Amino acid sequence: NAGVTQTPKFRILKIGQSMTLQCTQDMNHNYMYWYRQDPGMGLKLIYYSVGAGITDKGEVPNGYNVSRSTTEDFPLRLELAAPSQTSVYFCASSYSEGARGYTFGSGTRLTVV
Amino acid sequence: QKEVEQNSGPLSVPEGAIASLNCTYSDRGSQSFFWYRQYSGKSPELIMFIYSNGDKEDGRFTAQLNKASQYVSLLIRDSQPSDSATYLCADRPFSGGGADGLTFGKGTHLIIQP
């Protein structure tokens, strides 16, 4: 099993550009999450989903959008990229409500210049 | 606001000694607690989770939970240089059943000195 797969691994965006960070899991997990991690800071929840068609905002949703059309995929959309969105983005999934923790993807390192 | 606090370190421990990592949390309703290891440039990897007061052991790792003191710790016995990493503590709040995400601390940077 591949687990949680994120693409791309690295990306440089110019201010105002848009992009989609892809996340796919093959573990049939209902729960999926997007976190961002800034240097010296903890992981901050951006959006989460409890199943196909259901998404909700986390702690830091501004500037991002998500969709969940299938159980496997949970893409994160950045519209009008800003330097404040320079970060490492992690997608994660869990079988239940995170009762046994999450499985994380390998991350996407995004730089906005 | 729910918070998980950790000493950022670095915590330096000689090889073969016991490394002790500590974490406090603010949400009294938190149900379960997690320790993740994160190597530089890599994603977090789950080491252990604990629900009940007391100790839980898994190989060289022991997690300890004291809900009355809102305190979680991770002990690493016979520390190895490969244990050098950042250790993230996280809790799963009661509200929302955890569906609204784990709350993570900022992590403790552990260095095992050969």
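Order of the sequence lines sets the chain letters (A, B, ...), proteins ahead of strands, with each chain counted from 1. On a predicted model such as this, the values are computed, not experimentally measured, just so you know.
- Y36(B) and M48(B) fall into different hydrophobic clusters, where Ile, Leu, Val, Met, Phe, Trp and Tyr residues are linked whenever their side-chain heavy atoms come under 4.5 Å apart, directly or through other members.
- When ring centroids are compared, Y35(A) and F104(B) come within the 6.0 Å threshold.
- Listed in order of number, the residues of residues 65-75 of chain B that approach chain A to under 4.5 Å between heavy atoms amount to none.
- In this structure, chain B has no heavy atom under 4.5 Å from any part of Q6(A).
- Considering only heavy-atom pairs separated by less than 4.5 Å from chain A, the leading option among G105(B), S8(B), S43(B), A90(B) is S43(B).
- Criterion: ILVMFWY side-chain heavy atoms under 4.5 Å apart, direct or through other members. Under it, Y48(A) and Y64(A) are not part of a common hydrophobic cluster.
- In terms of heavy-atom proximity, F34(B) sits nearest to G101(A) at CE2-N, 3.0 Å.
- Y102(A) contributes no side-chain N or O that, together with a main-chain N or O of L46(B), makes up a donor-acceptor pair within less than 3.5 Å.
- Comparing S94(A), G42(A), A92(A) by how many heavy-atom pairs each has under 4.5 Å with chain B, the most go to G42(A).
- For the atom pair Q37(A) CD and L88(B) CG, the distance stands at 6.5 Å (nearest 0.5 Å).
- Both I54(A) and Y33(A) are part of a single hydrophobic cluster, where members link through side-chain heavy atoms under 4.5 Å apart.
- In this structure, Y95(A) places its OH atom where only 12 or fewer heavy-atom neighbours from other residues, nucleotides or ligands lie under 6.0 Å away.
- Among the candidates P44(B), G107(B), G41(B), the residue making the largest number of heavy-atom pairs closer than 4.5 Å to chain A is P44(B).
- Taken together through direct or relayed side-chain contacts under 4.5 Å among Ile, Leu, Val, Met, Phe, Trp and Tyr, F74(A) and V4(A) form parts of separate hydrophobic clusters.
- Residues of residues 105-113 of chain A lying under 4.5 angstrom from chain B, judged on non-hydrogen atoms, are G105(A), S106(A), R109(A) in numerical order.
- A continuous path of ILVMFWY side-chain contacts below 4.5 Å connects L43(A) to Y31(A), so both sit in one hydrophobic cluster.
- Residue I15(A) qualifies as enclosed at atom CD1: its count of foreign heavy atoms under 6.0 Å is above 12.
- Taking Q38(B), E45(B), K42(B), Q6(B) one by one and counting their heavy-atom pairs under 4.5 Å with chain A, the maximum is reached by Q38(B).
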